[in-house]
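When reading the values below, keep in mind they use all heavy atoms of this one structure, side chains included, and skip hydrogens, waters and symmetry mates. Computed from a prediction, not measured in an experiment: that's the story for all the values here. We name chains A, B, ... by the order of the sequence lines, and we start the count at 1 in each one.
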Amino acid sequence: MNAPPAGHGDPRVAFEAAKLGLWTFLATEVLLFGALFTAYTVFRVKYPAMFQSEHLKLNRVLGTLNTLVLITSSLAVVLGVDAIRKGKARLLERYFGATVFLGAVFLCVKYIEWTEEFRHGLYPGTNIFFSLYFMMTGLHGIHVILGMGVLAYVVVLSRRGRFSAGYHTPVEVAGLYWHFVDLVWIYLLPLLYLIG
Amino acid sequence: MDNILAFGAASAQAARVDAVFLMILVIGVFFFFLTQGLLIYFAVKYRRRVPDRDNETPRITGNPVLEFIWILIPSIVVVIIFYYGWRVYSDLRVPHGGESEVYVNARQWMYEIKYPDGRTAINEIRVPAGKPVKFILSASDVIHGFYLPDFRVKMDAIPGRTTTLWVQPDRPGEYQIYCTVYCGTGHSNMLARLIVMPPNAYAAWAAHGEEEAGEGREHESLAARGERVVKTAGCLNCHAIEGKVKIGPNFRGLYGSNVPLEGGKSVTADEDYLRESIEDPGAKIVKGSPNVMPTFKSSLSKGDIDAVVAYLKTL
Amino acid sequence: MAEESGNGRGYLAERGWRSWAYTMDHKRIGVMYLYTTIAFFLIGGVFALLLRLELLSPQARYFSDHAYNVFFTLHGAMMIFLFIIPAIPSGLGNFLIPLHIGARDVAFPRINLASYWVFVAGFLVVIASLVSPMDTGWTFYTPYSAKTGAAVATLSFGIFLIGMSSILTGLNFIVTIHKLRAPGMTWHRLPLFIWGMYATSIIQVVATPVVGVTFLLLAMERLLGVGFFDPAKGGDPVLFQHFFWFYSHPVVYVMILPAMGIISEVIPVFSRKPIFGYKAIAYSSLAIAFLGFLVWGHHMFTSGMSPAANAFFSFLTFFVAVPTAVKVFNWIATLYKGSITFESPMLYALTFIFLFAVGGLTGPFLGALATNVQLHDTYFVVAHFHYTMMGGTVMGFFAGLHYWFPKMTGKMLNEKVARIAWALIFVGFNVTFFTMFIVGVRGMPRRYAEYLPKFHVENVISTIGSVILAVGIAVMVLNFIRGLRKGPPAPGNPWRALSLEWQTPSPPDTGNFHEIPVVTDWPYSFGKAKGPAA
């Protein structure tokens, strides 16, 4: 399997490289969260009763609401990527803007949840379940913030006229990243909120 | 016992571990001399004798038969080594039955020993020769190691868990115990002894209550007894007599001196201060020393504490 | 073909600190990494000398026990995180990978520069943690590391950043090797250094996130009391060990695979023979990378794991030995009927094989369960990993530095001084570390500031060795400095090698190649007339 002739300067190579790069990066993120999921599994096996009783203290309504928020935001990303594939930069900016907004909504809901939990005296360190809960949702939240930053930056670049139907690699890459962030939440929801 | 390379195996299990060691050593030495011998031989034999005459070397890029052989043979060798290592280990790990038990709790920086009859000791375990004994290990604070090199056994002592180790000591003698998991400043001084006694001597000691048996101690002075306790109860892990300060204050000149405390006050180191430092060390913290000293109230008898104070007065 | 270096300073032409700090040239980034990692090697070495000084006497003499414990922690942590993991991959790897595959730069030059500055941020944070220095040992076992008064959270954050740098580098290299190979550069025409770096990059990408989370959890344990490792809260201190070693075992292959790649480059050039068993060496790198993920439990045989788990890990551990042995056999077979010269790169390469064999053949003692129990946490282990990591990786690193010095700097080194340094290093290394096998078998535990008098003689001998080793390293470094300043100009291909970096001037220009080459052969066509490979 040979590399195409022009090497680095060739836009096709650059696009393929960017996608491979992002998938590799997502692999590292899978392992990052995977370590926490492993810790979760170890302690869940060890303390099934504690997990059962403690998880009921989480707010499943807000958890479900947040899930809908994130899924909608991923839909917005799909529509945004589709828009720029057709060359519609303004539409892309609107959809990605909506995604960032929904990300902010997610974080607000998370903030409400956490302050509720603090008010009930549930902190990281209270017990192993809540340590896991705060750490896993916290690490996820950091990734949501980072994702929002990346998407916002893509909007800025688009407003500068950077993207077209022929070139929009950063849009695709950013979109993939956001889908990953969404996917991690899809795993967190049942493991933390819905087991039993 | 300690000869130049390994040391006398103190049990039959230990001798079996030595056999595995020897097997791996022989195999390793063989492959080392084979490969490195060829390396040196080729380097010498094929050194460039005529400068610039180097473009007639044969174009050998591989040899499938040879490569297959040198994948197959090492694979077989390693399986053999694994197998014997595993067999002997399984024997080491799983007790055969009929062991007496000794409880060992590791803490910074000493081993607290408890026998089933309730007797306790610090840093010293006494067992009779010829009978298997199981050590039931635990730790109070951090992970410690429990290593008996003469018996070729080792197990970590982990807080929140119990681990076990068993040996069958055949020969009377004193055997070293080391801590092998880094546990803080006193780690390298966390040493203990396993004293394997001839069965009669052990029986006499076991019957004798708290005092040591048959070692001529009835006539020792209080200060001499205190010196012995200081040496065996772990005090010297954290206190030096003199010279470089370890963790707690040095002992030389301590009695009668003026001791500055944390919080600004100071106190004269009289008999009562010394006794309190042993029984309730957190009551007064010496300025600049960490508050890590454990209490010896339950591990030393009143007589031993008095002896230690008497000894400290002589320094 | 090879060009003379008449046309100026190549990639080094532009001057000024900004041309380095903001550079996106992989060669400059590689050089910056080299300077940084070598500096940490020397600092870590100073800590080692302080340890050996204290170990001259069985009792505490020059330093308190606490100071000694801090020194061995800093020695280990610096050497591992700040030197040996980044040095060959991010140093030599950055310089060479695009050149070896016929590309102008790596796939993501900006991320490459970012990886260097993230590394710098990481080590600054690590240095900041020295206000309250660590004494946990580089393994940071809980509960001690969660309870000790040192700045563990700060240090954890620093190591997290260094890990990020490692991940970005590995990611960059994987994409570069997949996507930017020159026309005709098929996978089986790649230099074996690239195969080694490829396998290394996969490990970096897969394993490093786990250690990132491990240190994050440790920091959270200290700052928030999360309790995963605290038995009082229902946690398990041994869980930390599982997480830690899940990364730290594969990382030793991050350390050794690039060095093995260097050996595969040097041996054919200096014996004027094709490498023996190219495919076996190439694929064995991948096999080692894969197997390396399955054996972490062999660091924990005495931690209370079940006998069944121990047996599983022991069995798999032995299988990593097979692809490793294959490489050694192939290198030695390459020498057969060669035309061998012993310039400094070759001396170090042969030394690698010799010392790594000692290190590797002492591995089975530790992989076998019965003997592991006796030798775990003793000086036998210390000797084993110094023979593999220093006798192996560091000798490979030195071989690479001497081999590529002319290419990177445009100057030649003084061969005679290089050989004197090598001899001192070889003798000093063996005197320092072989005694540790002996004292370990006799039962001396590791991480001991003070030891029983019966171990005194070996410790004195070891310290004497360390002085000889230090002098040798100093001579080598001074030789590098002298070469940088007044070495005679280097031709494009002083070693008459065939890989693509030698087809550029010394030093290469920015952009590497005037025109991207079209590759028609592998880089090991030495010796008799070409035909299809035998």
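The candidate with the highest count of non-hydrogen atom pairs below 4.5 Å against chain C, out of Pro290(B), Gly85(B), Ser188(B), Ala14(B), is Ser188(B).
Counting heavy atoms from C-beta on, the side chains of Ile353(C) and Gln36(B) come closer than 4.5 Å. Between Ile158(B) and Pro237(C), the closest side-chain pair of non-hydrogen atoms falls below 4.5 Å. Under the 4.5 Å side-chain criterion, counting only non-hydrogen atoms from C-beta, His376(C) is not in contact with Thr180(B). Counting heavy atoms from C-beta on, the side chains of Asp377(C) and Val181(B) come closer than 4.5 Å. Between Gln108(B) and Lys147(C) there is no side-chain heavy-atom pair separated by less than 4.5 Å. At a threshold of 4.5 Å between non-hydrogen side-chain atoms, the residues Val373(C) and Val17(B) do not count as touching. In this structure, the side chains of Leu369(C) and Arg93(B) stay at 4.5 Å or more apart for every pair of heavy atoms. Ile60(B) has its side chain out of reach of Pro274(C): every pair of non-hydrogen atoms, C-beta onward, lies at least 4.5 Å apart.
Residues Phe301(C) and Tyr89(B) keep their aromatic ring centres 6.0 Å or farther apart. If you look at Tyr182(B) and Tyr141(C), their ring centroids are not closer than 6.0 Å. For Phe32(B) and Phe354(C), the ring centers are positioned less than 6.0 Å apart.
Other residues, nucleotides and ligands contribute over 12 non-hydrogen atoms within 6.0 Å of the CZ atom of Phe342(C). No more than 12 heavy atoms of other residues, nucleotides or ligands lie within 6.0 Å of CZ in Arg61(C), so this atom counts as exposed by the packing criterion.
Among all heavy-atom pairs drawn from Asp135(C) and Gly184(B), the shortest one is OD2-CA, 4.3 Å. Residues Pro58(B) and Lys273(C) approach most closely at O-CE, 3.6 Å, considering heavy atoms. For the pair Pro74(B) and Phe329(C), the tightest heavy-atom approach, listed with the atom from each and the gap, is CG-CE1, 4.0 Å. Of all heavy-atom pairs between Phe21(B) and Gln374(C), the closest is CD1-OE1, 4.3 Å. Across all non-hydrogen atoms, the minimal contact from Ile340(C) to Phe42(B) is CD1-O, 3.7 Å. Of all heavy-atom pairs between Pro149(B) and Gly443(C), the closest is CB-CA, 4.3 Å.
For the atom pair CZ of Arg47(B) and OG of Ser339(C), the computed distance is 11.0 Å after rounding to the nearest 0.5 Å. A distance of 8.5 Å separates CD1 of Ile81(B) from CZ of Phe365(C), quoted to the nearest 0.5 Å.
Within the 4.5 angstrom heavy-atom criterion, atoms from both the backbone and the side chain of Ser314(C) approach chain B.
A donor-acceptor contact under 3.5 angstrom links the side chains of Thr302(C) and Asp156(B), judged on distance only.
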Would you sort out whether Asn69(C) and His187(B) count as a side chain to side chain contact (heavy atoms under 4.5 Å, CB included), showing the intermediate values?
CA-CA 9 Å; Asn69(C) 297 336; His187(B) 171 60; 5.6 Å; no

